[in-house]
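Everything below concerns the one structure shown next.
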Amino acid sequence: MTKAREDGSMDGQASPGTSLPAAYRPAEIEPEIYARWLEADVFAPDGRGSPADQRKPVFVIIQPPPNVTGALHLGTAARATVEDLMIRRARMQGRPTLWLPGVDHASIAAHLVLDKLIEQEGETRESLGRERYLERMWAFMVETRAVISGQHRRLGVSADWSRERFTMDEVSARAVRTAFKRLYDDGLAYRGEKLINWCPGCRTSLSDLEVVATPEHGTLWFIRYHLLLDDGTPDPDHSITVATTRPETILGDTAVAVHPDDERYRALVGRRVRIPFVERDVPIIADDVVDPAFGTGAVKITPAHDHDDNETGKRHGLPMPTILDDAAAVAGTGTRYDGLDRYAAREAILADLEARGDLAGAKPHEMVVGRCQRSDDIVEPRLKTQWFIRTEPLAAKALAATREGRTRIVPEHFVKTWEHWLTGIRDWNVSRQLWWGHRIPAWYCPDGHVTVSAEPDGPLACDTCGRPAAELRQDPDIFDTWFSSGLWPFSTLGWPHDTADFRRFHPTSVMETGYDIIFFWVARMMMLGIELTGKPPFHTISLSGLIRDPEGRKMSKTKGNVVDPLAIMEEAGADALRFALIHGATAGLDQRFGPQKLELARNFANKLWNAARFVLGARPAEISADAPRPPVAPAADLGPVERWIRSRTAATTEAVDRGIAEYQFAEVTRALYDGIWSEFCDWGIELAKVRLADETVPAAARAATWWTLVDALDTYLRLLHPVMPFVTEAIWGALPHRAGEPDLLIVADWPAGGTRDEALDAAIGEVIDTIVAIRNARAQAELPAGAWLETHVAPPADASATFEALAPAIGRLARARPLALHASAADLARPSGALEIVLPAGDIEATVLPPTTGDQAGDEAGVRDRARLEKELGEAEGHLAAAEARLANRAFTEKAPPAVVDGARTRAAELGEQVARLRERLGR
RNA sequence: GGGCGAUUGGCUCAGUGGUUAGAGCACACGGUUCACAUCCGUGGGGUCACUGGUUCGAAUCCAGUAUCGCCCACCA
């Protein structure tokens, strides 16, 4: 780490007082600066500095782990940028700051990616076998993790890489085993046969969240089931017709249900019908779930392959034969359909029903089918023995935490969604029939006893009967990825061991992530965190929106509209990407991301670069290159411009602080964009230039002007650093530093704020308005832009001193020379053909004398100026009428707050004056 | 079926009760002033989706309607 020397100078690459290269080349400077941060070792929690700082409250973010499956995308970049912003700000405030990075093993997604990869190598999951497949997966992980981490570094992520973690590492594995064991012992994890969601493509069960309801154009078929005669044979003439979208499941039917109050079927309840093909006799039952108005009012019941039917089956004690295998092919029915895929079987069965005359009809039907989130296969409900987490008691604790304010959700409108989901939550199936993931630490003995163990090598013996480990068989299944993700905030800190990190950094400060994984991830972290550690894992949940393409569509590989953040960073810089991602986003709302936003950000970085180049190059000759930077410029040497610049940096600091406190990060960039560009560059620097170049100004005053520019730039760089860390670091390195400053901006102090001077803000505002009005009049009159024109100004009485002090600047910026200031509008020089300027404030007037007064060009300019005045008069009259109407309303003057009424009176008076003067100018 | 969000200039979006609704882009006109043409100056452009209500005052609060988007949901 480079050290600040005693005199406050530094020995890094850029040194104070040096000039910046003329061209801003982000792709060149960014990696170099990142290397310097790494070298300085400032990303660790205590990398910031002084012992006093270490007593401040810690600020902790556990990074939402990106999936290992692929490259960084814009969404990940957006998350990382916001987190980096918060971390850098906290670090500059002197807080010990931990940002723990990591990667998630993304079980199913990783399987799909690797399966494709090995397919190209001529292999399959089966051909490799579990062991070799997992070896291959680990090798793949090493590659992708390096890519992901490199991309985060390129983006400027200031995470503590020494603490980088992976959900499949041994510490995580220990946390998973311990968590599961504890949940099992507390009765919060159980094994049971239930109807679960089965993805035939992935060959695994899924949680409810991983099933995506998808609208589909289906068919509703009507099928006759024949009633049984007394002798037990089907009655060819009497039947009951059921309606179904899934005819193939008749092989698993064990009842027909009707509504108990349905007169049409009352007499049939209790009788039996024959299910074709399987030739099974099943009862007609009555149940409230049946909607008499739907279909025929009679429903076939397939308890092993339909969620509704399963409930019905349980209520009536029906048999639940399973008729589909892992691939969703018909199996075990003893019919000729065995071995057929579910849809082939459907066609065959429909044809056979038709042939038997039992297909009573069919009609198109709009329906919803569940599809696998990852593979898009249609999910098949199946009966299976699985591990479940009992979520109700966990959800109650998570709800209590947010309701009691121990964890806050921003933006607030997500609270309803949160409440709704946690209130109606169902048990979580955590078993997955896959290989890549944490193996469930449950062992079964030949007698069927279950032993759950948190030991790395498993149990020594069966907990129930004491059979030795050799006779026990471990569950082949693995956990849902989100089970280990749900432990992330504390498993990364060493839990279940009471580590120093855990004691110091848990609970964490902020969980920032996209709203799309609020249930998958955030809710699970809250539930498991509170249950296992006793505390909510974070104080604030900040949910942000998703990045969409310029047309508002979700970015996806299949649509081909995915933007590669790396390409953007090479072209425009990581800073520009970061700024664009933050600037375009309102908290919690999706944003469209396109080239325009990136250009805005890149232009802004370029603008800042050039402003800095100007400031560095504008140093008065009297200030030597190594002159110590004064702690504060002497107040006596400051003019109105200098004091105004200070006031405006204070205003920007307030706005930035407020934006961060409220998680309104776009407000932060807006305040900085306006403050730096519209105020500092457009006016601060332009006004200061005049004084810097004025030889009649005392050297000390000119020095104060320059130091003021340096101070302001310094403050803006600090404020902007969390958003655009690279360019600000590069520029800051070239600025003169005060004694005792660190050599890197990343560990410099956050601005303390300053004092606003509102009277001065107003006075300079009037100067600016005057300059703009003069430019406007000249442009409207189509006078040559470069011409120096004699100009007369009558400033308002309360700002005359400011106008006086800024006269040279007004002259230069309005190209008004010679410029004369007058105590009263009556004193203005006003030859015929002069442009007449009357400001809306009412008591500022000015005239501009065109060079061509008297000739044809001058007359034309005069005509155009008159048209401008007419327009302004029209507008002023309209506003005046509105203001007077408001004041004439007694309800307003009596009920509105006095300050508002006073404001309206002032406004009306000013408008009245403006109207009167405009009329006078127009000769009315 | 329930819930949430959005609707503001040609485009993308800010703006949660108070004078004249803002920005960037796009557009028009003008600029070789030694920080920046990735720039500078000036300008045009909006009945704030609709209807009703509350209020002295509504883009903003309330109710309803419409359109779009998203989430949740066991009607075959």
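Residue numbering restarts at 1 for every chain, and letters A, B, ... go by the order of the sequence lines. All figures in this text were calculated on a predicted structure; none of them were measured in a lab.
Between the side chains of A:Asp287 and A:His316, a donor-acceptor pair is found at a separation under 3.5 Å. In this structure, a donor-acceptor pair under 3.5 Å is present between the side chains of A:Arg691 and A:Thr705. Donor-acceptor pairing under 3.5 Å is recorded for the side chains of A:Thr402 and A:Trp418. Residues A:Arg613 and A:Asn610 have side chains that bring a donor and an acceptor to within less than 3.5 angstrom of each other.
Residue contacts shown for A:Phe519 are limited to sugar-phosphate atoms, with no base heavy atom under 4.0 Å away. Looking at heavy-atom distances under 4.0 Å, A:Arg775 makes contact with sugar-phosphate atoms alone, never a base. As judged by a 4.0 angstrom heavy-atom cut-off over every strand, A:Gln780 is placed among residues touching the sugar-phosphate backbone only. In this structure, A:Trp221 reaches neither bases nor backbone, as no heavy-atom distance under 4.0 Å exists between it and the strands shown. Within 4.0 Å (heavy atoms only), A:Val615 reaches no atom of the nucleic acid at all. Residue contacts shown for A:Glu686 include a base, since a base heavy atom lies under 4.0 Å away.
Residues A:Arg342 and A:Glu380 are paired through a salt bridge, judged by an N-O separation under 4.0 Å between the basic side chain and the carboxylate. Ion pair A:Arg371/A:Glu210 not flagged as a salt bridge, since none of the NZ, NE, NH1 or NH2 atoms sits closer than 4.0 Å to an Asp/Glu carboxylate oxygen.
One C1' atom belongs to B:rU20, the other to B:rA63, and the distance between them is 31 Å to the nearest Å. The separation of B:rA49 from B:rU33, taken at their P atoms, amounts to 44 Å, rounded to a whole angstrom.
Among B:rG3, B:rU33, B:rC56, the nucleotide with an atom closest to any side-chain atom of A:Lys416 is B:rG3. Considering only side-chain atoms of A:Ala779, the nucleotide from B:rC72, B:rA76, B:rU42 that sits closest is B:rU42. With distances taken from any side-chain atom of A:Ile685 to the nucleotides B:rA35, B:rC72, B:rC70, the minimum falls on B:rA35. Side-chain proximity of A:Arg426 to the nucleotides B:rU33, B:rA73, B:rA76 is greatest for B:rA73.
Among residues at least two apart or in separate chains, salt bridge (charged side-chain N to carboxylate O under 4.0 Å, His left out) pairs with a member in residues 584-599 of chain A are A:Arg548-A:Asp590. Among pairs with a residue in residues 284-312 of chain A, those fulfilling ring pair (Phe, Tyr, Trp, His ring centres under 6.0 Å) read A:Phe294-A:His365, at least two apart in sequence or across chains. Applying the salt bridge (charged side-chain N to carboxylate O under 4.0 Å, His left out) definition to pairs two or more places apart or across chains, those involving residues 248-257 of chain A are A:Arg246-A:Glu248, A:Glu248-A:Arg346, A:Asp253-A:Lys300.
Among residues two or more places apart in sequence or in another chain, the ring pair (Phe, Tyr, Trp, His ring centres under 6.0 Å) test is passed with A:Phe414 by A:Tyr515. Under the ring pair (Phe, Tyr, Trp, His ring centres under 6.0 Å) criterion, A:Trp788 pairs with no residue at all, not counting sequence neighbours. With sequence neighbours excluded, the residues satisfying ring pair (Phe, Tyr, Trp, His ring centres under 6.0 Å) with A:Phe519 are A:Trp421.
A:Arg812 has its CZ atom 6 Å from the C1' atom of B:rU33, to the nearest Å. Atom NE2 in A:His420 sits roughly 15 Å away from atom P in B:rG5 (whole-Å rounding). A:Arg864 places its CZ atom 12 Å from the C1' atom of B:rC29, with the value rounded to the nearest Å. Atom CG in A:Asp287 sits roughly 13 Å away from atom C1' in B:rA76 (whole-Å rounding). Here the C1' atom of nucleotide B:rU38 and the CD atom of A:Glu571 are 11 Å apart, to the nearest Å. With rounding to whole Å, A:Ile768 atom CD1 is found 12 Å from B:rG41 atom P. Between A:Asn776 atom CG and B:rG30 atom P the separation is 16 Å, expressed in whole Å. Rounded to an integer number of Å, the gap from A:Leu692 CG to B:rA35 C1' is 13 Å.
Ranked by how close their nearest RNA chain B nucleotide is to the 5' end, A:Thr245 and A:Asp682 are led by A:Asp682.
The backbone N or O of A:Ala304 sits nowhere less than 3.5 Å from a side-chain atom of A:Asn310 that would complete a donor-acceptor pair. Formation of a donor-acceptor pair under 3.5 Å by the A:Glu679 side chain with backbone atoms of A:Ile676 is not found in this model.
The aromatic rings of A:Trp677 and A:Phe604 lie parallel to each other, with less than 30° between the two planes, well short of the 60° mark.
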Under-3.5 Å N/O pairs linking protein and nucleotides 62-66 of chain B:
none

Below 3.5 Å is the cut-off: list the nitrogen or oxygen pairs between protein and nucleotides 45-47 of chain B, distance only.
none

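A distance of 8.5 Å separates CD1 in A:Ile301 from CZ in A:Arg315, rounded to the nearest 0.5 Å.
Cation-pi geometry between A:Lys363 and A:Phe222 is not satisfied (NZ or CZ under 6.0 Å from the ring centre, within 45° of the ring normal).
Here A:Trp677 reaches the OP1 or OP2 of B:rC40: one of its side-chain N or O atoms lies under 4.0 Å away.
For the contact set between residues 606-613 of chain A and RNA chain B, defined by any heavy atom under 4.0 Å, the members are A:Asn606, A:Lys607, A:Asn610, A:Ala611, A:Arg613. At a non-hydrogen distance threshold of 4.0 Å, A:Val290, A:Asp291, A:Phe294 from residues 289-297 of chain A come into contact with RNA chain B.
In A:Lys554, the NZ atom is not crowded: 12 or fewer heavy atoms of neighbouring residues, nucleotides or ligands sit closer than 6.0 Å. Counting non-hydrogen atoms of other residues, nucleotides and ligands closer than 6.0 Å to CD of A:Glu571 gives a total of 12 or fewer. Under a cut-off of 6.0 angstrom, the local environment of CD in A:Glu551 is crowded, with over 12 non-hydrogen atoms contributed by other residues, nucleotides or ligands.
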Next on the checklist: How would you summarise protein contacts on nucleotides 12-27 of chain B per nucleotide, using B for base, S for sugar-phosphate only and - for none, with heavy-atom distances below 4.0 Å?
Outcome noted: SSS---BBB---SS--

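Stem list for RNA chain B (at least 3 consecutive Watson-Crick or G-U pairs, distances under 3.5 Å): B:1-7 with B:66-72, B:10-13 with B:22-25, B:27-31 with B:39-43, B:49-53 with B:61-65.
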